[in-house]
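Both ligands and their constituent atoms are indexed starting at 1 by order of listing.
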Amino acid sequence: MKKSYLFLCLLLSVTYIFAQQKDYTQETPEQKQKRMQWWTDDTFGMFIHWGLYAVPAGEYGGKTDGAEWIMQSHKIPTPEYESFAKRFNPTKFNAREWVRIAKNGGAKYIVITSKHHDGFCLWDSKVTKYDVMDATPFNRDILQELTDACKAEGMTLGFYHSIMDWHQPDAKSKDPNFAIQPNTQADWAKYRETYLKPQLKELITKYHPAILWFDGEWIPEWTEEQGKDLYNYLRALDPKLVINNRIGKGRKGMEGMNKYENAAGDFGTPEQEILKTGSNDYWESCMTINKNWGYNKNDNNWKSADTLIYNLIDIAAKGGNYLLNVGPTAEGLIPPQSVERLAEMGNWLKVNGEAIYATKNRDTYEQGDSVKFTQSKNGKTIYAILTKKPTGKSITLNSITTAKNAKASLLGSSSAVTTTPEGSGVKITLPENMPGKYAWVIKIES
Ligand code: H79
């Protein structure tokens, strides 16, 4: 063989190896910003927790406080939990309808549980029979139907996927705190390489999710190194993917931001809470509409539309995203109380959405407890969002310096709004009549 031919072969192999091992965690901030732009701009998503836990609907052994954790919290033996699959027949499920509910609520993306901690899969997985196609009478691929519906409705779709799995024998933790029946023989590496990764590959190649939202990363078997390896594996399959920080071990408890620099994942995940101050990092607060994530038929702790809209405003002003959860029933319906509240949010957003979507946070993101600020991406327009209906005829915004007679308006109203520089801020005269409810947006253009 010629020397030059050998050299070429060597060069090709080395290039091939490097291409295989591309380290996606080494992206520049500019590259990341470009990849994350749609996600940052969308600001508001709808979370869906759906699985076999919808069958008991929160009730087991005389207790009524369960939901998606019921298998573990109420110590349901695996065979008994598995039998819920035979009763999972959500004939009222209509993917198009769910997507319309999200859209009507102003959500720009949906994240649904492909697999929660219980291990049950909502798609036709080739590596298990514990899925909606093989184990239930329903026999319809839920993720396929949602993928099609999202495509038809122009909605972005992502999947929540639990690393912890109470059902796969090789995933059962040796630690009884993390497994309903601990398995001392469990082979974690085998679960990772022959189950977790192949399933994620199925999800990416079949349904092309825009987001992968991991959870259950806290079990001792999972490491930051495994998280980084998985991150690279997934981004190599689809470089555009947006992935949360629970793929690694960097998450700081429920506050959800990272404990250390260069932790795996693209965004922080505060859970059931909102950051106390603004942040220029990527983050998303996930929250429930009532108390539980999965369906619980006795949970009537519905948050008011006022609270939900306030949370969205607070989050947008602090530079984050809001992922608001619904827990559909075993019949396949999103609870009407959730649908109503989402519709209220959507109505508010139809008028005021330009103060929320595709905006960025300001250093001064609030004034007192009833004014929040956002700004357009070029910084030329400022939105002052009044979360309480003002009682006076004017309001002074201390942190805004404007040109004389800067243009101002109240979104959803054609009445005049005038501005007068005052001290280091601006005085805004409000219209006599302030239409609308929940919150009022003053748009100030400089
Ligand atoms: O899917 C929903 C819940 O079922 C799931 N996350 C949302 C999106 C969830 N799982 N567990 N929890 C919520 C609460 C668990 C908290 C703890 Fe921990 C896990 C306490 C100790 C381990 C998180 C990680 C807080 C400290 C370390």
- Query: Can you find a non-hydrogen atom of H116 under 4.0 Å from ligand 1?
  - Reply: yes
- Task: Provide, to 0.1 Å, the distance between atom 5 (C) of ligand 1 and the closest protein heavy atom, together with that atom's residue and name.
- Result: D215 OD2, 3.2 Å
- Would you tell me which option among E68, H49, M254 has the nearest heavy-atom contact to atom 1 (O) of ligand 1? H49
- Considering only protein heavy atoms, which is closest to atom 24 (C) of ligand 1, and at what distance to one decimal place? R251 NH2, 3.8 Å
- Query: Is E271 in polar range of ligand 1, meaning some N or O pair under 3.5 Å apart?
  - Reply: yes
- Hey, is atom 18 (Fe) of ligand 1 touched by any protein heavy atom at less than 4.0 Å? no
- Query: Do K63 and S73 get their side chains close enough for a donor-acceptor pair, meaning under 3.5 Å?
  - Reply: no
- Message: Does either side chain, that of Y207 or that of D148, offer a donor lying less than 3.5 Å from an acceptor on the other one?
- Response: no
- Task: May I ask you to say whether E271 pairs ionically with R246, meaning some side-chain N is under 4.0 Å from a carboxylate O?
- Result: yes
- Message: Can you check atom 21 (C) of ligand 1: any protein non-hydrogen atom closer than 4.0 Å?
- Response: no
- Quick one: pull up CD1 in I315 and OG in S285 and give me the separation to the nearest 0.5 Å. 4.0 Å
- Item | Residue pair Y109 / N321, side-chain donor-acceptor N/O under 3.5 Å | yes
- Does the protein put a heavy atom under 4.0 Å from atom 3 (C) of ligand 1? yes
- Any atoms of ligand 1 less than 4.0 Å from a non-hydrogen atom of H117? List them with their elements. 10 (N)
- Task: Do me a favour and list the nearest non-hydrogen protein atom to atom 25 (C) of ligand 1 with residue, atom name and distance?
- Result: G253 CA, 3.8 Å
- State whether K437 and E344 are salt-bridged, where the test is any N-O pair (Lys NZ or Arg NE/NH1/NH2 against Asp/Glu carboxylate O) under 4.0 Å. yes
- Near Y160 (heavy-atom distance under 4.0 Å), the atoms of ligand 1 are 1 (O)
- To which protein heavy atom is atom 11 (N) of ligand 1 closest, and what is the distance rounded to 0.1 Å? W69 CZ2, 3.1 Å
- Take atom NZ in K197; do more than 12 heavy atoms of anything else shown fall under 6.0 Å from it? yes
- Test applied, ring-ring contact (aromatic ring centres under 6.0 Å, His included); reference residue, H117; option that passes from Y81, W166, F178: W166
